[in-house]
Student: 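Supplied in structure tokens, the structure appears directly below.
Residues take their numbers from the sequence shown, with the count starting at 1. Heavy-atom basis, side chains included; hydrogens, waters and symmetry copies ignored.
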Amino acid sequence: MKNNKISGAEAVIRCLLEEGVDLVYGYPGGAIMPVYDELYKFQDQLHHVLVRHEQGATHAAQGFARATGKVGVAIATSGPGATNLVTGIADAQIDSTPMVCITGQVGKHLLGSDAFQETDIIGISTPVTKWNYQITEASEIPEIMAKAFFIAKSGRPGPVLIDITKNAQFDEIEFSYKKCTSIRSYNPKPTLDFTKVNEAAALINAAKKPFIIFGQGVILSEAEAELKELVEKSGIPTAWTILGLSALPTDHPLNVGMVGMHGNYGPNVLTNECDVLIALGMRFDDRVTGNLATYAKQAKVIHFEIDPAEVDKNVKTEVAVLADLKESLTALLPKINNNKHESWHNEFKEKYQIELDQVINEELKPTNGKGISMGETIEMINKHSNGDAIMVSDVGQHQMFACRYAKFNSTKSNVTSGGLGTMGFALPAAIGAKMGMPNREVVAIIGDGGFQMTIQELGTIFQTKVPVKIVVLNNEFLGMVRQWQQLFFDKRYASTEMINPNFIAIAEGYYIKAKKVTKREDLDTAVAEMMASKESYFLEVMVEKENNVFPMIPTGASVSDIRLS
């Protein structure tokens, strides 16, 4: 009699295939070995990328998810394999990135016995996952895996962790799979209240100085077209948070720049002068608001948000429109009057001119014999990418320069670690972004500090031959910390100066073509060569050592107190 049963490990693979997954990142080990044995058998249908550290698996899965809008998948073994995922999981949680992490676990009979490589990953990951679950019986696998993907992607996305004991991987089940479309008591999309839409429209239409700030919610809900239509119909000046960047083309005439600690001068100062503040899919993070006691107190705040927990959490709202953003903006658009707000726009233009004269021109074209700046390097990449590349930035000064000066024509082009600020994010995330979007150019912008946190992923690039472009902006400092030490700690550069290795030799050791730029006159040619390369390319640019990011809102200060120097 034919046995129609399959192992729990094979069921895991079949669940992934049922969810349309064809690419996973991971690192094998004892407790997950049955799943890897099945991965070997299904390698024609499901491509596994061997990273060099489990943290690299989560960041690669994040990069894939952010660039494609799909769920990223990472796999690891128990114990240290599982705990090495935690930083990437926490990063995905705070940045609302859909990800499913699968970890192996010791056998059910060994749970709680401190067996070899047993760690309570459910307890550890509970604060940083949208949901997690430990499977101890093979029969649970199809239903739990279906729930995992539904929860990760629905509503406000986030990471889910599924821990599978070894016995559940070996035991056999009759396999059938049904995609999850709802879960009792889980309400991922609030029902749109049209009276709230009407209230919002009335406030917007009556406003003399309305101001829009949009965040990543626009991208996650795929509401870019609705945002553009709203902006153009209403004529409202529109700014972005760093995770909202690229949802509206950077050169759009109504796009007035970035808000936040290192955002543009006008959008920050004029936040405290607008009469109606329209927040679209953003959460009023402290890096955006500065001192909450002085933030937009004169304005009536309209918050379009999918997560009820974010409403009134930091900023008191006049009207909260709870719904998927694409749905709420679609309902709002017919109710909005055509307008231009020309005199209000002129205030943004005047502020921009001040910033241009005092900050931007000097950053993009340094004078007085200064070395290469980070800003001009980003501008050179713009020149050769024509605004069509995906830029994946790490965390630090270079990240702020990239967000301030990168040019983007299309959405899902800015991939960075926002809420958690994870150094080491960019190199593995760029691998994921490029594998997810192979027809787009992907450029990783990294500092010399963050690069060395996940430098081993050069091995993943070498083995997979994924053609990412890596730019290390080397100022031989932990630049952002050093800037704070300069400004607020009397130049006591405590443990921030970096004595770096020969990055070119290391890249070449991984058989990646590499070049180092120390002179301004060589920058254009080097960037052109990198962008023209059909293979991976490593470019090290020696930048000004004590180049600072301005404007800057000091910690605890008001957005009105933004400093230009």
Student: Looking only at non-hydrogen atoms, find the nearest pair between A389 and V443 and report the distance.
Tutor: CB-CG2, 4.3 Å
Student: Between E118 and G112, is there a donor-acceptor pair closer than 3.5 Å when you use the side chain of the first and the backbone of the second?
Tutor: yes
Student: Does R52 reach the main-chain N or O of E457 with its side chain, forming a donor-acceptor pair under 3.5 Å?
Tutor: no
Student: Restricting to non-hydrogen atoms, name the atom on W240 and the atom on C403 that form the minimum distance, rounded to 0.1 Å.
Tutor: CH2-O, 3.1 Å
Student: Which is it for L329 and L230 under the side-chain contact (heavy atoms from CB on, under 4.5 Å) test, yes or no, and what are the steps along the way?
Tutor: CA-CA 8 Å; L329 288 185; L230 172 65; 4.0 Å; yes
Student: side-chain contact (heavy atoms from CB on, under 4.5 Å) for T165 and F170? Distances and angles first, verdict last.
Tutor: CA-CA 9 Å; T165 58; F170 278 124; over 6 Å; no
Student: Among residues at least two apart in sequence or on other chains, which ones pass side chain to side chain donor-acceptor pair (under 3.5 Å) with K469?
Tutor: E441
Student: Does the pair E232 and K228 meet the rule for a salt bridge (Lys or Arg N to Asp or Glu O under 4.0 Å), with working shown?
Tutor: CA-CA 6 Å; E232 291 175 351; K228 186 168 180 281; 3.1 Å; yes
Student: Consider only side-chain N and O atoms of S78 and Q105, and report whether a donor and an acceptor are under 3.5 Å apart.
Tutor: no
Student: Would you say V197 and F304 make side-chain contact, with heavy atoms under 4.5 Å?
Tutor: no
Student: Using the ring pair (Phe, Tyr, Trp, His ring centres under 6.0 Å) criterion, which residues pair with Y186? Sequence neighbours excluded.
Tutor: F150
Student: With no hydrogens and no angle check, is any side-chain donor or acceptor of Q62 less than 3.5 Å from a backbone partner on P428?
Tutor: no
Student: Is a side-chain donor-acceptor pair under 3.5 Å present for T422 with D91?
Tutor: yes
Student: So, do K189 and I306 sit near enough that their side-chain heavy atoms are less than 4.5 Å apart?
Tutor: yes
Student: I'd like to know if D285 and R287 make a salt bridge, using a cut-off of under 4.0 Å between side-chain N and carboxylate O.
Tutor: no
Student: Using modelled atom types and a 3.5 Å cut-off, is there a donor and acceptor pairing between side-chain atoms of Q43 and backbone atoms of L39?
Tutor: no
Student: Is there a donor-acceptor contact under 3.5 Å from the side chain of T58 to the main chain of Q55?
Tutor: yes
Student: Can you give the donor-acceptor pairs under 3.5 Å from side chains of residues 13-33 to other protein atoms, not counting sequence neighbours?
Tutor:
{"unit_1": "R14", "atom_1": "NE", "unit_2": "E10", "atom_2": "OE2", "d": "2.8"}
{"unit_1": "R14", "atom_1": "NH2", "unit_2": "E10", "atom_2": "OE2", "d": "2.9"}
{"unit_1": "E19", "atom_1": "OE2", "unit_2": "Y177", "atom_2": "OH", "d": "2.6"}

Student: List the residues meeting side chain to side chain donor-acceptor pair (under 3.5 Å) with H48, not counting sequence neighbours, and say none if there are none.
Tutor: Y36
Student: If we count only N and O atoms by modelled type, under 3.5 Å, do the side chains of S393 and T416 hold a donor and an acceptor together?
Tutor: yes
Student: Between L332 and V321, is the side-chain contact (heavy atoms from CB on, under 4.5 Å) condition met? List the steps.
Tutor: CA-CA 10 Å; L332 177 73; V321 184; over 6 Å; no
Student: A side-chain contact here means heavy atoms from C-beta on lying under 4.5 Å apart; do I461 and Y510 qualify?
Tutor: no
Student: Step by step, work out the side-chain hydrogen bond (donor to acceptor under 3.5 Å, both in side chains) result for S413 and R440.
Tutor: CA-CA 10 Å; S413 295; R440 293 193 65 187; 2.7 Å; yes
Student: Crowded around Q456 CD? As in, over 12 foreign heavy atoms under 6.0 Å?
Tutor: yes
Student: Can you name the residues that form a ring pair (Phe, Tyr, Trp, His ring centres under 6.0 Å) with F503, not counting sequence neighbours?
Tutor: F451
Student: Could E508 and K513 be called an ion pair, given the rule that one side-chain N must be under 4.0 Å from one carboxylate O?
Tutor: no
Student: Can you measure from CG (D448) to CD (Q452) and round to the nearest 0.5 angstrom?
Tutor: 6.5 Å
Student: Passes side-chain hydrogen bond (donor to acceptor under 3.5 Å, both in side chains), T97 versus D95? Steps please.
Tutor: CA-CA 6 Å; T97 303; D95 281 355; 5.5 Å; no
Student: Looking at residues at least two apart in the chain, or sitting in another chain, which of them share a ring pair (Phe, Tyr, Trp, His ring centres under 6.0 Å) with F425?
Tutor: H59
Student: Please identify each residue that fulfils side chain to side chain donor-acceptor pair (under 3.5 Å) with Q134, with sequence neighbours left out.
Tutor: D163
Student: Only pairs at least two apart or in different chains count here, so list each ring-ring contact (aromatic ring centres under 6.0 Å, His included) that has a residue in residues 382-421.
Tutor: none
Student: What is the minimum heavy-atom distance between I173 and A11, and which atoms define it?
Tutor: CD1-CB, 4.0 Å
Student: Is the number of heavy atoms from other residues, nucleotides or ligands within 6.0 Å of NZ (K313) greater than 12?
Tutor: yes
Student: Please determine whether salt bridge (Lys or Arg N to Asp or Glu O under 4.0 Å) holds for the pair E226 and K326, giving the CA-CA distance in whole Å, both sets of side-chain angles, and the decisive distance to 0.1 Å.
Tutor: CA-CA 7 Å; E226 289 77 10; K326 191 178 185 75; 3.1 Å; yes
Student: Got a sec: does the CG of D114 have more than 12 other heavy atoms crowding it under 6.0 Å?
Tutor: no
Student: Where is the tightest heavy-atom contact between L539 and M530, given as atom of each residue plus distance?
Tutor: CB-SD, 3.9 Å
Student: Can you list the residues that meet the side chain to side chain donor-acceptor pair (under 3.5 Å) rule with K147, with sequence neighbours excluded?
Tutor: none
Student: Applying side-chain contact (heavy atoms from CB on, under 4.5 Å), run through L248 and E224 and close with a yes or a no.
Tutor: CA-CA 7 Å; L248 187 70; E224 294 92 345; over 6 Å; no
Student: More than 12 non-hydrogen atoms from neighbouring residues, nucleotides or ligands closer than 6.0 Å to CD on E529, yes or no?
Tutor: yes
Student: Check for a donor-acceptor pair, side chain of K153 on one end and backbone N or O of G69 on the other, with a separation under 3.5 Å.
Tutor: yes
Student: Just by modelled atom types, is the P80 backbone N or O under 3.5 Å from a matching donor or acceptor in the N84 side chain?
Tutor: yes
Student: Got a sec, which residues hit ring pair (Phe, Tyr, Trp, His ring centres under 6.0 Å) with F42, two or more places apart in sequence or on another chain?
Tutor: none
Student: So does D307 get a backbone contact from the side chain of E305, meaning a donor-acceptor N/O pair under 3.5 Å?
Tutor: yes
Student: I'd like to know if the side chain of R156 reaches the main chain of P188, judged simply by a donor and an acceptor atom lying under 3.5 Å from each other, with no hydrogens or angles considered.
Tutor: no
Student: For a 4.5 angstrom cut-off between non-hydrogen side-chain atoms, does P467 reach K534?
Tutor: no
Student: Search all heavy atoms of S536 against all heavy atoms of S533 and return the closest pair with its distance.
Tutor: O-OG, 4.3 Å
Student: With ring-ring contact (aromatic ring centres under 6.0 Å, His included) as the rule and sequence neighbours excluded, what pairs involving residues 63-114 come up?
Tutor: none
Student: Any sub-3.5 Å donor-acceptor pair from T454's side-chain atoms to G424's backbone N or O?
Tutor: yes
Student: Take E143 and K178 through the salt bridge (Lys or Arg N to Asp or Glu O under 4.0 Å) test and state the conclusion after the steps.
Tutor: CA-CA 7 Å; E143 181 185 358; K178 183 182 178 186; over 6 Å; no
Student: Give the minimum heavy-atom separation between I219 and S246, together with the two atoms involved.
Tutor: CD1-OG, 4.3 Å
Student: Please list every donor-acceptor pair under 3.5 Å in which a side-chain atom of residues 121-128 meets a protein atom from a residue at least two apart or in another chain.
Tutor:
{"unit_1": "S125", "atom_1": "OG", "unit_2": "I121", "atom_2": "O", "d": "2.7"}
{"unit_1": "S125", "atom_1": "OG", "unit_2": "N132", "atom_2": "ND2", "d": "3.0"}
{"unit_1": "T126", "atom_1": "OG1", "unit_2": "I122", "atom_2": "O", "d": "2.5"}
{"unit_1": "T126", "atom_1": "OG1", "unit_2": "N132", "atom_2": "ND2", "d": "3.2"}

